[in-house]
Every structure is written in structure tokens, then in C-alpha cells.
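As C-alpha cells, the structure follows; a few thoughts come after it.
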Amino acid sequence: MNYTAHQIAEISNAKVIGNESLLIKNIAFDSRIIYSTKNTAFIAINTHKNSGEKFIESAIDRGIKVIISEHHFPQFENITWIIVENSVEFLQKLAKYHFENAHLKSVGITGSNGKTILKEWLYQCLWNEFSTVKSPKSFNSQIGLPLSLLQINDSHQLGIFEVGISKPHEMEKLENIFHPQIGLLTHIGTAHLANFNSEEELIDEKIQLFKHSEVIIYNGDNELVSKKIKEIYSSKKLISYGFKNLNNVHYKNGISKNEDVVIQYFDEEISFPVHQIDEATLSNALALVTVLKELGLDNKKIVEKINALKAVEMRLEAIEGVKKNIIINDSFNLDLDSLKTALQFLNEYRKPKKSLVLTDIIGVNANANELYEEVADLVNDQNFDCVFLIGNEISEFHKLFKARTFTFINTQELIDSKYLNDLENQIILLKGARKFEIERIKDILELRKHDTVLEINLNALLHNINYHKSLLKTSTKMMAMVKANSYGLGSYEISEFLQHHHIDYLGVAFVDEGVELRKKGITVPIIVMNPEQHSYETVIEYNLEPEIYSFRVLELFYEAVQKSGYDKKYPVHIKLETGMHRLGFKKFELDELSNTLINTNLKVQSIFSHLSSSDVPNEKDFTLHQLEVFEENSNYLINKLGYKPIRHILNSSGITNYTDYQYDMVRIGIGMLGESSNPEIQKQLRSVVSFKTVISQISLVENGESVGYSRKFKTDHPTKIATIPVGYADGIPRLIGNMAGNVGIHKVLAPIVGNVCMDMMMINIDHINTVKEGDSVTIFNAKPSLKEFAEYCKTITYEVLTSISPRVKRIYIKD
Ligand SMILES: *Cc1c(COP(=O)(O)O)cnc(C)c1O
């Protein structure tokens, strides 16, 4: 965009106080990530939850000269104000004007899943065909979409924007601002379904985006979607894609990994190799091909583009470095496309200085002169402080680079040069072809890692989820229990990962836990098992779903719903008591319960209960009795209610030991962390958690000396003792001292001697040769396993995990 303050005021009916002729090209809404203050206005966005006005001062501190706000704060001098009535409506009005006066082709993507991936794929395929603008990240909401649209400038030929909604009537507003020529509807899932009366209502809402579209491309596997689109938009050009053969675009043959797939595109066939054959990827590929066709790319080009496509979560990692540097490591591949993506990623960080390490580009069929000229242009746009070029080829072109530029034959030469030591408080982008191994630079620049860490392997977690899923019917939903900070492992990180992998539900214990997840962007339905009575308003505000286990909770919650003015049916989950004797409704209460429920606008989303002993073989009869009571009582309630909520009763060991009772959903907890009470199942699971540290010191303790507090261990010969920096303040119980427990060193068990201290403990390593200070120590993972460690502690794995102190750094691994 490119408007004067005066023009903006005219477009939006606002008032300018100050310099009307100031030019505005960007609008920033987050004062922390303003990347250029030149021609940038800061908008203080007010919503009912938050006011951006408190950030006006910090925006001005950063050098912003124009503030858009609902209120004028005359105490700030030399500022131009654009005073608006409503900040959100202002943005929408301006974006609408801007979009309607831009002359570009537009693609609008909506749906429950796949929006961001498809947008990124399309962008990767199209940015060098058309001058293309897209939504940053997943900016797709009432505020994100307008901000995305305002990025359009005169040179753009194509805009790709995603549009997301979570509540009724939102699409109408967004379509009023943005009417794409090509509309794309991806998969419709259950996300946000709870805010709608039915799937049909959700579909109706989403497809409103296409009111003014010329072409609608949609996933036709969903019959309801197909029917609706054909009914409402019969006069438009419609293209359906999906796995079913009746779609215009579908797969022709069976699909196997690393073989070509054939897409039947109307009466043409397009074949290309695929490397990932999960359903989501395959379905997205159909949508991608269809949009590319619609934009006029020929088949040869489409295949080329798909072959060049990188996984969207390219392994760009940002790492804390020494001397306050941030290192962005992208040392896996290098071509123009990925360089561009990395430069974009870089722009999300604000550091006063930035440097670049860049290598030869290998394996690209292009004229070197042209290639490196383009590279230099891209790089010169970024105002790097220093550019380090590695490789003979790129070094020849060093004169094209405007920053202070240094050249090296190989990575080692740069490392030896010590130039890297001078970098301070910078953001450093490492971008190289794999063979240069520039990740070695990362190792050098990286801040020393913590000695004691709890490492959580998300790949193993996914394996465990999939293993449990493989025991179930495909239609059975899965809820992941992420209560108590995900059993101590980090509820946001785990939930975010699970959301990405399409978990159906999340379960937390208390409202605060759910609120934290929502605030960080988790949109999956969340059940709160123990909603406390002062928290019901928050439950509703954050769209959480309470467990209702007694009449008291029911009445109080219903009161809160009425007070909140919520006018839809609010989803709740009814807990039945079947033998655990903890929480829940008993048989004799069900008549009254159903009568009460029918007279409220609460919707029973599910009916469930909990098994007390699904992991105890000796209690099989009791468990079967619990299951019987559940069957009977849930049926009774369903009959009374007159509709069929989903039912669930199995926890992790229930899934493996009582698979037949899976009903509509199961609730996995410890099982996804790789623990099972059943040895056969245990063999199939992968260990997720690794608690480890390193040896601080090794001492040879003379015969007859003592070790630790209260002299609890005395040597009877000269003994090699290692000290490790983990103690009871980290969650190691004191009772495993004095030889009750072991740790693993070089895959050998070594006993803990003397009393466990607050921050340390001592280990007898007399029987292990070749140990040195700094060597790794396993507190639990493989040897000892989590289960063995729990036995030392005389407790269960659950308690071990939830006791690990928050001061232990959690690290998440995924590739
Ligand atoms: C914690 C919990 C689970 C999960 O139990 P696991 O034994 O870890 O699988 C399931 N349901 C409810 C109600 C829970 O509180």
C-alpha cells in the first residue's frame, strides 16, 4: 500500500491530527516486531480482550511517527495521529478499499485443515511465475486477513490469501473485504464445529467466501460439501478434487511410496513421483495441481514445480547463540527459492545487525552470471552487515555484494579465520548447500547447551500414538490427555504437535491449562476435567468444554452460560460414575439429569467414564463390570436425551487391554509417552522421555573416607566417585540415595551413594573404566528405563514425570 495519512482518513472516515501528507506504506500492529519504521504506522488494535494502546509508547520509542488509534494521547510530541472510531473496523475498511482497487488475480483458501500448507506450496510454485503476495504465516482472521491484504502493492500480479473462521457470521465480514477470483475449499473437519449447530452450518458459513468467485475448487469427497456447492453456485465454474473417482480431479491408480502417482485431471493424466503418501499430503497435492492448472501452467511445468517443492516445515531453526546472537540454521539445501524463504524468515526477527553465511549453489541448471546476480540482488535488499561467501564459484562474484563481504574456499577456512568471533547481538543466517557442512558453524556459535535436560522425542510420541491408533477402528476418535503440563513434559509443545497431527480432542485438568493453550493458538476442542466453580466464565470465553459431574456443577455452569449471553448450544461432557468412586453421576441420578439437560441449551457432546484398573490383570472382572455399567447407564441417558453424544471410557491401558470397548473415542495419556503395563505392548512402543545430565567432577576417594551429608556412605577401598548436578530440587526423590537407585553411564548402571543433595548427587563409578568429567549420564531413558527409575522411587511412572522440576530445561526433538 502507499497512501498519505489524508487519503487513509478519507477512505476510512477517520480524522488526522498532525501531518496529513505523511506517506504510509506499512501498518504494524505488534510493537515488538516492527522491522522498518520508515513509512510505517502503528495501529493500536482494541478488542474486547486486549488493548494495543498500551504499546503506543514502545512503538514511538522505536521511531514510529504515525499512530492509528481510537484515542488521542497528546502527551507524545511530533506524532501524527489517525483517530478512528473502531480499530478493527478501520483495518477492514481500508483493506477492502485497497483490495478492490488492486488489479491482481487472487486465490482465497479456506477449510479446516491444509490452508497454510497449500498457501505455502502455491507460493513456492508460483513466485517466479508471477509477482506474488501471500498471507504471512497463518494470518487469516478478522485482523490477520486485512493486514495481509494491505501488503499488496502495484507490482503484484497474484495474491494468495488464507481465510479462517471459528464462529458463525465471520465469513460474511471477511468476504465483504476479500472476494477471491479463485476460491479453494480444503478439507472440512471438526475444528470449530462446536461453535456451530451442525456441520452443514459450518459448511454454509465457509462457502460464503466464494460468493463472488469465478472458479471454485473444492474437496468433493465430502458429500455434503459437494451437494451444497452445486446447489448454491451452479452458475460458476466448479472443479472437485479428492480420492473418490467421481471427482473431476483424482488419483488414477494405487499409490505406493517412491513411485509415480497418476492424477486424472478431467481427461488428462499427469504423473509425478511422491515421497510422502499420507492422506493429507496426497489430498493437498490434488488441490495444488488444480489451482496451478487454473492459473495456466502447463503439465510439464507443474511436474517440475512439484518436484522442486520442499516440505513447508523446512528445517529452518532459530537457535540462541553466544554473545546474544540468534542463529538461523538452514544448512540442508540451497537454491533461490529456499534462499528467499529463509530471508523472509529472517525478517521476522528484529536485531539491529544481521550477517549471512552463503555457499555455492549446487545442482541448479542456470547461467552462473545470472544466478549469482539474482542472489546478490536478493541479498543486497536485506542490508546485511557482513556477508561470508564460501566456495570458489560464489566467491568469484563477491563484487556484486554490497555489504562487507569476505570469501573462503571452504567452511573450515571461515572457522579458522576467527571472523565469527566478532559477531555480537546479530542475527546470523547460515544458508548453504549440504556438502559444505556449514552446520559446523552452528555448533561453534551455539550457546552452550544445558547440562541437565529432559529431552522429549516427538517422533517417538507420534509413533506411539499411531501404534495405539492401529489397534482401533479408523472412525474412533482420539483425545490426548495433556493435563498437568502434559504429564510434566510441556502442555503447549505437545499440544501444538498433536494439533498438527490432527488429534481430535485435548484433555486438561483445570481451566488455566486450557486458557494457556488457547492463548498460544491451540484451536482443537479442549475438555476441562475439573472446572472449578469460579472459572466458568473463563471456560466460555475461551471456548473450552467442561466436564459436568454433578448437579451442582451443572447448575452453576448453566447459570454462567445464560449470563454470558451465549445463544448456541454449549457443548458439555457428562461424566458417569461406574466404579472408580471419584467423580460422576450415578444411575439413580440419570432421570433428573436428563430432565434438567433437556431444559437447558447445553448440548451433551459426550458421555464418558473412567476405568480404575484397566492396567491390572487381576481386576479384569471388576473392569468388565465397570464397562457393563457404563454401557447400561450411557444407553439409558442417550434414550432419555433423544440424541446420541459420543461415548468414551478407555485410557491408554484400556486401549490395549479392552480394545473392544473403544466406543466413539479413546483417551490416551501415558501410552503416548511410551509406557505400558503390558510387556508385549511395551515392546512396540518407543521411549519418549530422556532425562540426562553430565558428570561435573570425578574424585578418587581414599579408603575409609565418607561421601556426602551425614556421612552415609563410607569407602572400604579407594573408590572412584562421580558428582552429577541433579538433586532433589530437580525432582529426584531423596529415597533413591544410599544405593536404592542407579543412573546409567556408558550404558552401565551405577549406584547413587550417600544422601541425595538439593542440587547434586554422587555416583559410584568404580566398576566403569574410561569415564571422564563431562561425560553424559542417563537418569532415565533406556538404562535405567523410566519404569525402572519409578521402581527405585517406589512409585509409578506418572509421578516420576510430573515431579520433575520446572527448572529442568525441556528440549523437543523432531525431524
Ligand atoms: C489422565 C486421564 C486419562 C489418561 O490416562 P492414562 O492412564 O495416562 O492413559 C484418561 N482419562 C481421564 C479422565 C484422565 O484423567
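Numbering of residues begins at 1 and proceeds along the displayed sequence. Just so you know, ligand 1 is whichever comes first in the structure, and atom 1 is the first atom listed for that ligand. Only this structure's heavy atoms are used, side chains among them; waters, hydrogens and symmetry mates stay out.
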Any sub-3.5 Å donor-acceptor pair from D615's side-chain atoms to S677's backbone N or O? no
Report the nearest protein non-hydrogen atom to atom 3 (C) of ligand 1: residue, atom name, distance rounded to 0.1 Å. M481 CG, 3.4 Å
Tell me whether D664 is salt-bridged to K477, with the criterion being a basic N under 4.0 Å from an acidic carboxylate O. no
Which option wins on minimum heavy-atom distance to atom 10 (C) of ligand 1: R667, M672, H468, M580? R667
Do ligand 1 and G669 have nitrogen or oxygen atoms that lie under 3.5 Å from each other? yes
Sort and list the pairs that fulfil ring-ring contact (aromatic ring centres under 6.0 Å, His included) and have at least one residue in residues 571-608, not counting sequence neighbours. Y505-H573, F551-F585, F608-H648
Ignoring hydrogens and geometry, is there a side-chain-to-backbone donor-acceptor pair from R810 to V808 under 3.5 Å? yes
Against heavy atoms of Y798, which atoms of ligand 1 measure under 4.0 Å? 6 (P), 7 (O), 8 (O)
Pull out every atom of ligand 1 sitting under 4.0 Å from any heavy atom of I670, numbered as shown with elements. 6 (P), 8 (O), 9 (O)
So, D504 side chain and M478 main chain: donor-acceptor pair closer than 3.5 Å or not? yes
Below the 3.5 angstrom mark, is there an N/O of Y487, backbone or side chain, next to an N/O of ligand 1? yes
Looking only at protein heavy atoms, which one is nearest to atom 12 (C) of ligand 1, and what is the separation? H610 CE1, 3.4 Å
Any N or O on K483 sitting closer than 3.5 Å to an N or O of ligand 1? yes
Please assess F691 against E455 for the test side-chain contact (heavy atoms from CB on, under 4.5 Å), listing each intermediate value before the final yes or no. CA-CA 6 Å; F691 190 6; E455 217 176 67; over 6 Å; no
Residue pair Y663 / E631, side-chain donor-acceptor N/O under 3.5 Å: yes
Which residue supplies the protein heavy atom nearest to atom 9 (O) of ligand 1, what is that atom called, and how far is it? S652 OG, 2.4 Å
